[in-house]
Amino acid sequence: MARTCVLIPGDGIGPEVCGAVVRVLEAAGADLVWERHPAGTSALEAGADTVLPESTLAAVRAHGLALKGPCTTPIGGGFASVNVALRKGLDLYAAVRPVRSLEGVETRFEDVDLVVVRENTEGLYSGIENEVTEGVVTSLKVATVRACRRIARFALDYALTRGRRKVTVFHKANIMKLSDGLFLDCAREVFRGTEVEYEERIIDAGCMQLVRDPSVFDVLLCENLYGDVVSDLCAGLVGGLGVTPGANFGESCAVFEAVHGSAPDIAGQDAANPLALLMSAVMLLNHLGEHSGGEPHRACAARIRDAYDATLRAGALTRDVGGSLGTHAFTDAIIERL
Ligand code: NAI
């Protein structure tokens, strides 16, 4: 029976890249039924009274699965991030962002193969900020044993099941001795005695090493804010935000979304690269493929991956990675190769 997947088009380029991805998945014969739900400023425009309607959260809870476009967050004021609220509301505690070189996309490095595992629920993203007195504000960084342990366990499990050789924790425990110190303590405890190589890097030095030679790393385990920043840094190693997929996992739900945001600078111009979200959809199909009876999903994922690999190898590229194709023409080029 076809699996229902919630589709959240989101804001900015979200509806364009979601539309492109749905076209490819339908052409590839993915056994999915889409159930569209709003989130973001587009939800308000559609008449909802909030940027994250309860019905959207309820739908993801009910089906356990969503493909999500980016949602805009106002800077320095306005409503709180829809993305953060969704991750917290569904307890999607682990973000997984694979970063791989793609043949046909020219960059400084070849053979980059990294995975960022990001803690998604706390740290500075807890949003606890205060104006202590005029001209003085504080922002609270939260770390709990429960969240630090479970993200370390998730990274260990991910490394073991995917045959990854090493996990490196990026931290700043020399300065944030308690919060990052707890993150490190939990990771050390979880990785002790396991067959996965474990190491730690102070994040500033780690970033320098990443841009000099990404091959020294394999899986990067980060608390929330570091994971956010390091994800974009890693995206830059392989061609940018147009080619970097992602997934958010909880105990009972999984939401697949690209690393990029709503890109207001190119929205509505047929200029967005849909590949990052398409790669996220391939992760979604592979996720379904891991369960019993999932073989058709896995086969569909492989068909789509082969098609976009062939498209890139043929030099059919969007503008963000040096080509000239618009969103629509690039999507057609992938569909032709399915
Ligand atoms: P952004 O990721 O939207 O854009 C950064 C740059 O990358 C822009 O120049 C944009 O044109 C380019 N870019 C991004 N995705 C692209 C694609 N698929 N194809 C071609 N070019 C692409 O980040 P920015 O501008 O900092 O944020 C815009 C909004 O998105 C903000 O409101 C932010 O809060 C939100 N955001 C939402 C996320 C989510 O929904 N998960 C993640 C990151 C940001």
Side-chain angles (χ1 to χ4, degrees), residues 7-21 24 37-44 51-52 56 60 66-90 92 94-97 99 102 105 116 118 120-121 124-125 127 224-225 227-249 254-281 283 308 312 317-331 334:
L7 183 69
I8 303 171
D11 302 321
I13 61 170
E16 295 170 69
V17 291
C18 279
V21 169
V24 175
H37 285 272
T41 50
S42 51
L44 297 178
V51 282
L52 183 55
T56 299
V60 184
L67 184 67
K68 174 185 166 295
C71 295
T72 300
T73 308
I75 293 172
F79 59 82
S81 165
V82 174
N83 308 303
V84 173
L86 194 96
R87 291 168 197 158
K88 283 192 194 159
L90 299 168
L92 298 165
V96 175
R97 289 149 167 207
V99 182
L102 295 162
V105 178
V116 178
R118 167 186 178 190
N120 242 353
T121 62
L124 280 166
Y125 278 62
N224 210 340
L225 178 64
D228 184 30
V229 176
V230 166
S231 297
D232 277 36
L233 186 156
C234 289
L237 301 173
V238 296
L241 291 166
V243 297
T244 320
N248 303 292
F249 295 105
V255 174
F256 295 79
E257 63 175 336
V259 172
H260 65 70
S262 55
D265 52 332
I266 57 166
Q269 298 168 27
D270 192 44
N273 188 348
L275 190 52
L277 190 67
L278 183 60
M279 293 163 92
S280 310
M283 290 175 76
Y308 69 63
L312 299 176
L317 304 170
T318 46
R319 290 192 271 278
D320 56 310
V321 285
S324 58
L325 296 183
T327 312
H328 211 82
F330 178 67
T331 308
I334 295 173

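One is the number of the first residue; the rest follow in order along the sequence. The structure presented is a predicted model; accordingly, all values stated were derived computationally and were not measured. Start at 1 and go down the list; that is how both ligands and their atoms are numbered.
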Residue and atom name of the nearest protein heavy atom (relative to [atom]), distance in Å to one decimal:
atom                    : result
atom 33 (C) of ligand 1 : T73 N, 4.2 Å
atom 5 (C) of ligand 1  : L241 CD1, 3.8 Å
atom 19 (N) of ligand 1 : N273 N, 2.8 Å
atom 9 (O) of ligand 1  : D265 OD2, 2.9 Å
atom 39 (C) of ligand 1 : N83 ND2, 3.3 Å
atom 14 (C) of ligand 1 : H260 CB, 3.6 Å
atom 21 (N) of ligand 1 : I266 CD1, 3.6 Å
atom 43 (C) of ligand 1 : G261 CA, 3.5 Å

query: With only distance considered, is C71 within less than 3.5 Å of ligand 1 through an N or O on each side?
result: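 Yes, at least one N or O pair falls under 3.5 Å.
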
Roughly how far, to the nearest 0.5 Å, is [atom2] of [Y] from [atom1] of [X]?
X    : Y    : atom1 : atom2 : answer
N83  : Y125 : CG    : OH    : 9.5 Å
C71  : F79  : SG    : CZ    : 8.5 Å
E16  : I266 : CD    : CD1   : 7.5 Å
D270 : T327 : CG    : OG1   : 4.5 Å
L278 : T331 : CG    : OG1   : 8.0 Å

- request: Report yes if some heavy atom in the side chain of L102 is under 4.5 Å from a heavy atom in the side chain of V238; otherwise report no.
  value: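 No, side chains not in contact.
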
Out of all atoms in ligand 1, which are within 4.0 Å of some heavy atom of [X]? Include the element for each.
X    : result
T72  : 32 (O)
P264 : 28 (C)
R87  : 41 (N)
A272 : 19 (N)
A263 : 3 (O), 10 (C), 11 (O), 14 (C)

Determine, using heavy atoms of [X] and all atoms of ligand 1, whether some pair is separated by less than 4.0 Å.
X    : value
A276 : no
R319 : no
I75  : no
V17  : no

Is at least one protein non-hydrogen atom found at under 4.0 angstrom from [atom]?
atom                    : value
atom 26 (O) of ligand 1 : no
atom 12 (C) of ligand 1 : no
atom 1 (P) of ligand 1  : yes

Examine distances only and state if a side-chain atom of [X] and a backbone atom of [Y] form a donor-acceptor pair shorter than 3.5 Å.
X    : Y    : result
S280 : G246 : yes
S231 : G227 : yes
S42  : G10  : yes
D11  : T72  : yes

task: Check the pair C18, L277 against side-chain contact (heavy atoms from CB on, under 4.5 Å), reporting the backbone distance first and the verdict last.
output: CA-CA 7 Å; C18 279; L277 190 67; 3.7 Å; yes

- prompt: Under 6.0 Å between ring centres, would you say that holds for F249 and F256?
  reply: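 Ring centroids of F249 and F256 are less than 6.0 Å from each other.
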
message: Checking A95 now: which residues fulfil side chain to side chain contact (heavy atoms under 4.5 Å, CB included) with it, not counting sequence neighbours?
response: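 Side chain to side chain contact (heavy atoms under 4.5 Å, CB included) list for A95, sorted by chain: R97, R118, N120, N248.
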
